[in-house]
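Start at 1 with the first residue, then count along the sequence. Note that ligands are numbered from 1 as they come in the structure, with each ligand's atoms numbered from 1 the same way. Values below: all heavy atoms of this structure, side chains included; hydrogens, waters and symmetry mates excluded.
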Amino acid sequence: MSLPSLAELSDSLRVVAIPLKQKFRGITTREVVLFEGPYGWGEFSPFVEYGVEESSRWLAAGIESAFVGWPAPKRDSIEINATIPDGTPEEAVAALNFFQGCRTAKIKVAGAHSSLDTTRLIEIERALGDSGKIRIDANGSWSVDEALKQISAFYEVLGNTLEYVEQPCATVREISQVHEKLSVPVPLAIDEGIRKEGYTRDLSDIADVAILKVAPMGGVKNALHIAKELDMPIVVSSALETSIGMRAGLALAAALPNLFGACGLGTVDLLGGDVISHSLVAEDGAISLRDVAPSLELLDRWAAPSDRIEWWQHRLTTTFEFLESR
Ligand SMILES: [Mg+2]
């Protein structure tokens with residue numbers, strides 16, 4: 001990918017700070033850089049603790065959106081799953097209600113409220129009603145033995161409503177052990193394990209589904225390439241982007257030949273605001289592909305404080321220089 005100049009990125013640069021409806025990933029405000037190119041807008045929003053190499057993939061994805069464009073879509077509407085953060089059962093049901101018409105819920109487990117996980121799952125299953133599907137995401141929290149025990153226990157409660165368990169353990173090696181020893185028919189999905197290790201090989205012998213996100217993979221084209229290497233059904237997920245970043249996730253979901261069910265691209269609903277006036281959120285459980293551009297009024301409303309704008313300008317420069325040097 002040929003890069004624009006830093007000046008081209010900076011010309012249209014805006015930094016926004018949007019409050020979250022509920023604490024997620026330990027943060028309460030989402031800071032995002034946006035810039036415009038000939039193909040539209042791009043988002044650069046690596047989490048603040050990320051180093052320059054990791055951040056450079058997010059920048060490459062944002063540049064692709066604005067200056068390169070995406071492959072032709074194979075479908076024009078993407079089914080969406082609800083994303084339910086850690087919390088009490090009441091908070092979980094409230095979160096589910098943000099996702100209008102979604103029949104699949106992905107629930108974070110093994111967090112601070114883990115003693116309430118089973119109750120939350122039962123409450124969500126009830127709220128979804130018949131034909132609802134539940135996915136569980138442990139974010140690598142369990143040991144192999146804990147995973148075997150927990151997955152069996154959740155299967156006891158949910159039966160075939162349990163569609164898969166995502167990233168039960170931290171490493172690909174541990175997940176492969178769970179895959180081998182698991183005595184209940186619950187598929188396993190691999191998420192952060194793909195980015196942290198070994199995504200360049202076929203992982204179909206150790207997991208059943210792979211989760212891909214556009215920004216950490218360096219863009220739609222790179223993610224499509226990785227999907228081809230992985231050679232298994234793919235669920236596209238997001239990283240708490242605004243509608244601008246989410247549009248890239250939809251572009252990946254639309255272009256994938258082997259998409260598996262609903263995608264985790266409904267997370268604009270977790271933000272307390274957005275930069276476009278008609279947000280990319282699920283309607284009747286799906287999002288239709290369309291062009292998006294920020295509204296000036298919303299860019300002004302969510303403008304970050306000046307010290308944070310400076311911080312992000314510096315980070316963009318450092319990350320751009322890193323990307324350019326590769
Ligand atoms: Mg995950």
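- Between Trp58 and Phe47, the angle of the ring planes goes over 60°, which puts this pair in the perpendicular group of the 30/60° scheme.
- Side chain to side chain, Glu297 and Ser295 fail the donor-acceptor criterion of an N or O pair below 3.5 Å.
- Two residues are said to be in side-chain contact when any heavy atoms from C-beta on lie closer than 4.5 Å; Val275 and Ser243 fail this criterion.
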Under 3.5 Å, which donor-acceptor pairs link side chains of residues 250-272 to any protein atom two or more places apart or in another chain?
from: Asn258; atom 1: ND2; to: Met232; atom 2: O; distance (Å): 2.8
from: Thr267; atom 1: OG1; to: Ser238; atom 2: OG; distance (Å): 2.7

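- The side-chain tip of Arg315 does not point at the ring of Tyr50 from less than 6.0 angstrom away and within 45° of straight on.
- Residues Val235 and Ile287 do not share a hydrophobic cluster, defined by chaining ILVMFWY side chains whose heavy atoms lie under 4.5 Å apart.
- Around the Mg ion (ligand 1), the protein contributes the following N, O or S atoms at distances under 2.8 Å: Asp137 OD2, Glu166 OE2, Asp191 OD2.
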